[in-house]
Amino acid sequence: GDIYVLSSGASVNAGWGTVALGDWVRYDGTTWNDITPQKSTLCYNEASDGLYSYDGVNWNAPSGGIASVTSAEKAALSPSIGDFVYDTDLSSLQRYNGSAWITQAGVGVLGIASNIGEYTYYSTYTLAMSAAVAGDTVEQFGNITETSNVTITIKDGVSVNMNGYTYTTDGSTVGAFYHNDSGYEQTRFQNGTVRHINNGGAGNALTIGGESHMDCTGLIVISDGAYCLNFNTNGAQRGRLIGGSYIHTGGSGWNHIIEGNVYGAYFNTGDGAVRVTGGSLDNCRIDGSVFISSAASGIISNSRVIGGSFSHAISNEGTVFNTYAFSSLFRGISNGTNGLVENSTGISNASDGIYSVAGTVNNSRGKSTASYGIYMNNTNAYANGCIAESSASAAIRLNLGKIYNCKAICTFDDPSGDGIFITQNNGFEIIDCYVTVVNSSAFAVDGNQSGIISGLKGKGMTTLIGTTTNTAGTIDTFGNGIL
């Protein structure tokens with residue numbers, strides 16, 4: 001494995017053969033092998049403890065270094081691209097880029113590249129954002145921890161690439177990052193972790209306002225402050241945020257505010273909740289509670305909610321569409337006065353699958369192992385095309401309201417295991433519904449109330465209707481009649 005260099009023309013070992021001056025010779029355990037180096041090949045000389053470079057003819061120890069010149073001397077040079085000098089007047093290292101001498105700022109934890117790939121480095125986000133202009137990307141090259149109150153304002157059109165590193169504000173009582181764009185410019189804040197911790201419940205980790213369009217793919221935001229994400233735009237559904245994970249580790253209450261449109265994000269609300277105040281959550285995953293406001297028609301769609309310890313998986317005064325909601329502590333979906341639940345599923349192991357005060361539930365499924373699959377509780381509560389299932393009580397409780405084309409499945413093996421149980425609801429309507437029970441003493445419909453029942457079919461019971469009074473008119477053989 002030894003390597004020798006023929007550095008002079010003296011006599012050599014016969015085994016070296018026709019080795020030429022300057023060649024390497026390496027012993028493989030049996031034979032000496034001639035290796036002809038290329039120009040600029042480097043070699044470490046063990047005897048002299050020095051590095052040598054081959055110039056095509058000779059091996060030479062490197063000499064020289066970076067020249068120190070005045071600004072005037074620098075201007076008189078005829079440099080090539082990539083040449084360095086140290087400007088003694090400017091006290092800075094300079095590199096020639098082909099047209100000008102550029103100050104080299106050394107290294108730093110943050111940097112902004114020029115249009116030819118040269119970086120200028122900064123020690124803080126404040127300094128980097130101050131220097132950045134629209135189109136720039138501030139890159140992070142190491143972990144950063146701030147222990148003083150500082151808010152980083154992301155300029156319009158300036159992006160942030162954290163390159164997998166972490167930015168921590170420890171003990172800060174103000175917001176960590178803030179972006180407010182009224183021009184719909186595309187901004188990226190990606191590939192890293194923001195930790196806003198030990199702040200006594202104050203400040204926001206990330207605040208987005210205006211009509212911002214921000215791509216947060218690969219971003220993780222962790223906060224025990226007031227809000228982890230405060231997406232408070234200039235009016236309902238005015239901005240757009242894509243991706244990111246937002247994890248709140250503080251106390252109970254609202255810890256994410258959504259007024260813009262959020263797509264493809266993950267939320268963990270801990271002991272609190274996401275509050276949608278006129279915005280939308282689409283294709284999101286939420287571990288925790290979601291509150292949807294009616295003030296500006298909040299929406300959750302194509303999403304999955306696993307409820308937490310704060311409240312129901314979804315409390316809705318807006319729209320729930322094509323969404324799955326489960327709670328082991330509260331209701332799956334609690335639908336308020338103005339709420340609309342469409343093509344969705346609400347499941348609970350502790351309360352009602354879907355509870356509706358005065359809103360509308362269409363083509364949805366409510367299931368419970370502890371209470372009613374669907375619970376209607378207002379004269380203006382409507383359910384159409386729904387499936388209700390319960391293994392602990394009646395499948396549907398109709399306290400007030402109207403149900404059409406619904407299916408009630410009760411697997412509670414008890415005489416009280418009715419398909420539909422009616423309470424305080426003189427004037428109810430049950431139209432074209434199908435009921436199955438497992439206890440033959442149960443009823444498809446029961447409850448000492450009066451209302452309209454038409455097109456009811458049942459299976460598993462001995463008697464279809466219990467104490468309920470049916471006030472429906474006569475139906476002819478064609479199924480026509482005045483109800």
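For the pair Ser309 and Asp271, the minimum side-chain heavy-atom distance is below 4.5 Å. Within the 4.5 Å cutoff, the side chain of Thr337 has heavy atoms near those of the Val357 side chain. Residues Ser245 and Phe267 are not in side-chain contact: their nearest non-hydrogen atoms beyond the backbone lie 4.5 Å or more apart. The side-chain heavy atoms of Val290 and Ile292, taken from C-beta on, include a pair separated by under 4.5 Å. Side-chain contact between Ile220 and Ile247 is present, with at least one heavy-atom pair separated by less than 4.5 Å. No side-chain heavy atom of Ser68 sits less than 4.5 Å from a side-chain heavy atom of Val85. Put simply, the side chain of Ile197 reaches to within 4.5 Å of the side chain of Thr168, judged on heavy atoms. Contact check for Gln190 versus Leu219: no side-chain heavy atoms found under the 4.5 Å cut-off.
Pairing each heavy atom of Val158 with each of Met129, the nearest pair is CG1-SD, 3.9 Å. Shortest non-hydrogen contact noted between Ala128 and Val138 is CB-CG1, 3.8 Å. Here the shortest heavy-atom pairing between Ser356 and Thr360 reads OG-N, 4.4 Å. When all heavy atoms of Ser390 and Gly373 are compared, the pair lying nearest together is CB-N, 4.0 Å. Counting all heavy atoms, side chain and backbone alike, Asn335 lies closest to Leu340 at OD1-N, 3.6 Å. In terms of heavy atoms, Cys228 sits closest to Ala205 at O-CB, 3.4 Å.
Atom OG1 of Thr217 sits about 12.5 Å away from atom CZ of Phe189, to the nearest 0.5 Å. In this structure, CE on Met376 lies 9.5 Å from CD1 on Ile354, to the nearest 0.5 angstrom. Note that CG of Asn343 and CG of Asn363 are 5.0 Å apart. Values are rounded to the nearest 0.5 Å. Distance check, rounded to the nearest 0.5 Å: CG of Asn384 to NZ of Lys402 gives 13.5 Å. The structure places OG1 of Thr207 at 10.0 Å from CG of Asn180, a figure rounded to the nearest 0.5 Å. Distance check: Lys155 NZ to Thr187 OG1 gives 12.5 Å after rounding to the nearest 0.5 Å.
Annotation: Phe330 is not in aromatic contact with Phe310 [ring centroid separation under 6.0 Å not met].
In this structure a side-chain-to-backbone donor-acceptor pair under 3.5 Å is missing from His256 to Val274. Under a 3.5 Å cut-off, the side chain of His312 and the backbone N or O of Ile314 do not form any donor-acceptor pair. For the pair Thr126 (side chain) and Thr124 (backbone), a donor-acceptor distance under 3.5 Å is absent. The backbone N or O of Cys284 lies less than 3.5 Å from a partner atom in the side chain of Ser303, making a donor-acceptor pair. Panel note: side chain Ser212, backbone Met214; no donor-acceptor pair is recorded below 3.5 Å. Panel note: side chain Lys407, backbone Cys386; no donor-acceptor pair is recorded below 3.5 Å. The backbone N or O of Gly175 sits less than 3.5 Å from a side-chain atom of Thr151, completing a donor-acceptor pair. Checking side-chain atoms of Ser289 against main-chain N and O of Ser311 turns up a donor-acceptor pair under 3.5 Å. Not one N or O on the side chain of Ser293 forms a donor-acceptor pair closer than 3.5 Å with the backbone of Val276. The closest donor-acceptor contact from the side chain of Asn261 to the backbone of Arg240 lies at 3.5 Å or more, if one exists at all.
Every residue two or more places apart in sequence or in another chain that forms a side chain to side chain contact (heavy atoms under 4.5 Å, CB included) with Ser99 is listed here: Asn97.
Note on residues 365-374: pairs passing side chain to side chain donor-acceptor pair (under 3.5 Å), not counting sequence neighbours, are Asn349-Thr369, Asp352-Ser371, Arg365-Glu389. Sorted by first and then second residue, the pairs that involve residues 128-141 and meet side chain to side chain donor-acceptor pair (under 3.5 Å), not counting sequence neighbours, are Tyr119-Glu139, Tyr125-Gln140, Glu139-Asn163.
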Report task. Show the numbers, then the answer: is there a side-chain hydrogen bond (donor to acceptor under 3.5 Å, both in side chains) between Asn149 and Thr173? Result -> CA-CA 6 Å; Asn149 285 349; Thr173 58; 3.2 Å; yes

Query raised in the report: Could you go step by step and tell me if Tyr167 and Arg195 meet the side chain to side chain contact (heavy atoms under 4.5 Å, CB included) rule?
Result: CA-CA 6 Å; Tyr167 177 83; Arg195 298 174 68 242; over 6 Å; no

Query raised in the report: For Arg331 and Ile333, what are the C-alpha separation, side-chain angles and deciding distance, and is it a side chain to side chain contact (heavy atoms under 4.5 Å, CB included)?
Result: CA-CA 6 Å; Arg331 294 167 181 151; Ile333 299 174; over 6 Å; no

Requested in this report: Go through Ile286 and Leu281 one step at a time and tell me if the side chain to side chain contact (heavy atoms under 4.5 Å, CB included) criterion holds.
Outcome: CA-CA 10 Å; Ile286 300 96; Leu281 298 173; 4.2 Å; yes

Report task. Would you check, one step at a time, whether the test side chain to side chain contact (heavy atoms under 4.5 Å, CB included) holds for Ile306 with Tyr324? Result -> CA-CA 8 Å; Ile306 305 300; Tyr324 174 92; 4.1 Å; yes

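When the options Asp224, Asp170, Thr169 are evaluated for a side chain to side chain donor-acceptor pair (under 3.5 Å) with Asn199, the one that passes is Asp224. Partner Tyr246 forms a side-chain contact (heavy atoms from CB on, under 4.5 Å) with one of Asn255, Val262, Ile222, Val221 and no other, that one being Val221.
In summary, the side chains of Asp282 and Ser280 do not present any donor paired with an acceptor at a separation below 3.5 Å, with no hydrogens or angles considered. Tyr266 and Asp287 are linked by a side-chain donor-acceptor pair at a separation below 3.5 angstrom, with hydrogens and angles left out of the test.
Open room surrounds OH on Tyr263; 12 or fewer heavy atoms of other groups in view lie less than 6.0 Å from it.
Classified by interplanar angle (parallel below 30°, tilted 30° to 60°, perpendicular above 60°), the ring pair Tyr355/Tyr375 is perpendicular.
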